[in-house]
Amino acid sequence: MRMRKKKWADPYLQDHDDFCFSNPIDLKGKWKTLLNTKELHVEIGCGKGDYFNEMALAYPNTGWVAIEKDHSAAAVACKKSIEEYENLQNKRMIVNDASNLMDWFEEGEIDVIHLNFSDPWPKKYTHKRRLSSEKFLKMYYALLSKNGYIQMKTDNKDLFESSVLYFLENQFQITDISVDYRRNKHEEDAITEYERRFMDLNQPIYFLIAKPIKNK
Ligand code: SAH
């Protein structure tokens with residue numbers, strides 16, 4: 001679902017380019033220092049930003065980088081972060097396509113990658129655009145720290161089932177999985193905008209944790 005284009009988005013993002021970066025190649029390897037943390041979380045496709053804002057608030061010792069390629073959604077997330085949350089110190093945004101991840105992060109730099117309600121790309125010829133497809137998993141594998149992991153949530157059964165296979169085929173092991181994650185409350189984990197919508201419709205939320213199998 002694409003948001004209607006917001007005219008104020010680009011000027012707003014430009015005015016706040018110390019919080020919403022477009023191509024932060026200089027920060028590669030330096031995020032933990034910048035965010036003053038030992039634990040770096042990256043959310044890919046943050047939409048309007050509720051998840052990373054709530055999580056950064058609930059866990060002030062963790063660092064958060066939220067990536068969003070849609071400028072209108074990113075501008076809403078950026079505005080919300082700046083105007084509704086007081087503490088900006090442990091988070092930043094990147095407004096760009098996550099295909100460029102390797103330019104912004106060092107190998108082993110990220111501890112947790114969050115994929116929340118990623119676009120399902122249902123048609124077979126579009127599967128390669130999925131954020132859990134092989135091209136992305138190869139990057140995540142390199143970028144995750146030794147004890148790092150991916151947390152994925154989705155409403156989409158086909159994306160979920162395919163993703164389980166993608167993980168297993170690309171040197172990840174699934175260490176936790178649920179086909180009805182919100183049957184229990186899980187107050188430790190914030191609810192995203194999409195998640196709220198599907199919960200209101202009484203649809204199950206699929207959840208998994210995938211860890212890269214690293215021998216060294
Ligand atoms: N995580 C939010 C939004 C889910 S919609 C929530 O749960 O409510 C998926 C979002 O991912 C969209 O905003 C889309 O623009 C973004 N997205 C999809 N592919 C992306 C990519 N390659 N890089 C960055 N963002 C991406």
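In this chain, numbering begins with 1 at the start of the sequence shown. We count ligands from 1, going down the list as the structure has it; atoms in each ligand are counted the same way. Just so you know, these numbers come straight off a predicted model, no measurement behind them.
- Atoms of ligand 1 lying under 4.0 Å from at least one heavy atom of Asp70, given by number and element, are 15 (O).
- Relative ring orientation between His186 and Phe207 is described as parallel, the plane-to-plane angle staying below 30° on a 0-90° scale split at 30° and 60°.
- For the residues Arg129, His71, Lys153, Glu68, the heavy atom positioned nearest atom 16 (C) of ligand 1 is part of Glu68.
- Contacts with ligand 1 closer than 4.0 Å are made by no heavy atom of Ile44, backbone or side chain.
- A tilted orientation is assigned to the rings of Phe117 and Tyr194, their planes being inclined by 30° to 60°.
- Every atom of ligand 1 with a heavy atom of Glu193 under 4.0 Å away is listed here by number and element: 6 (C), 8 (O).
- By the 30° and 60° cut-offs, the orientation of the rings of Trp64 relative to Tyr51 is perpendicular.
- The heavy atom nearest to atom 9 (C) of ligand 1, out of those in Thr192, Leu131, Thr154, Asp119, is found in Asp119.
- The proximity of Ser99 to ligand 1, defined as any non-hydrogen pair under 4.0 Å, does not occur for either the backbone or the side chain.
- Salt bridge annotation for Glu83-Lys79: present, with a cationic side-chain nitrogen under 4.0 angstrom from a carboxylate oxygen.
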Donor-acceptor pairs under 3.5 Å, side chain of residues 9-18 to any protein atom, not counting sequence neighbours: which ones?
unit_1 : atom_1 : unit_2 : atom_2 : d
Asp10  : OD1    : His71  : ND1    : 2.6
His16  : ND1    : Tyr12  : O      : 2.8

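- At a 4.0 Å cut-off, not a single heavy atom of Asp50 sits close enough to ligand 1 to count as contact.
- A cation-pi arrangement is absent between Lys153 and Phe160, since the terminal nitrogen or guanidinium carbon is not both under 6.0 Å from the aromatic centre and inside a 45° cone about the axis.
- Every atom of ligand 1 with a heavy atom of Ala98 under 4.0 Å away is listed here by number and element: 21 (C), 22 (N), 23 (N), 24 (C).
- Atoms of ligand 1 lying under 4.0 Å from at least one heavy atom of Asn116, given by number and element, are 1 (N), 2 (C), 4 (C), 7 (O).
- For ligand 1, the atoms sitting less than 4.0 Å from at least one non-hydrogen atom of Phe117 are 4 (C), 5 (S), 7 (O), 9 (C), numbered in the order shown with element in parentheses.
- Interface atoms of ligand 1 facing Asp97, defined by a heavy-atom separation under 4.0 Å, are 21 (C), 22 (N), 23 (N).
- Taking a cutoff of 4.0 Å between a charged side-chain nitrogen and a carboxylate oxygen, Arg182 and Glu195 qualify as a salt bridge.
- Salt-bridge annotation for Glu107 and Lys146: absent, with no side-chain N of the basic residue lying under 4.0 Å from a carboxylate O of the acidic one.
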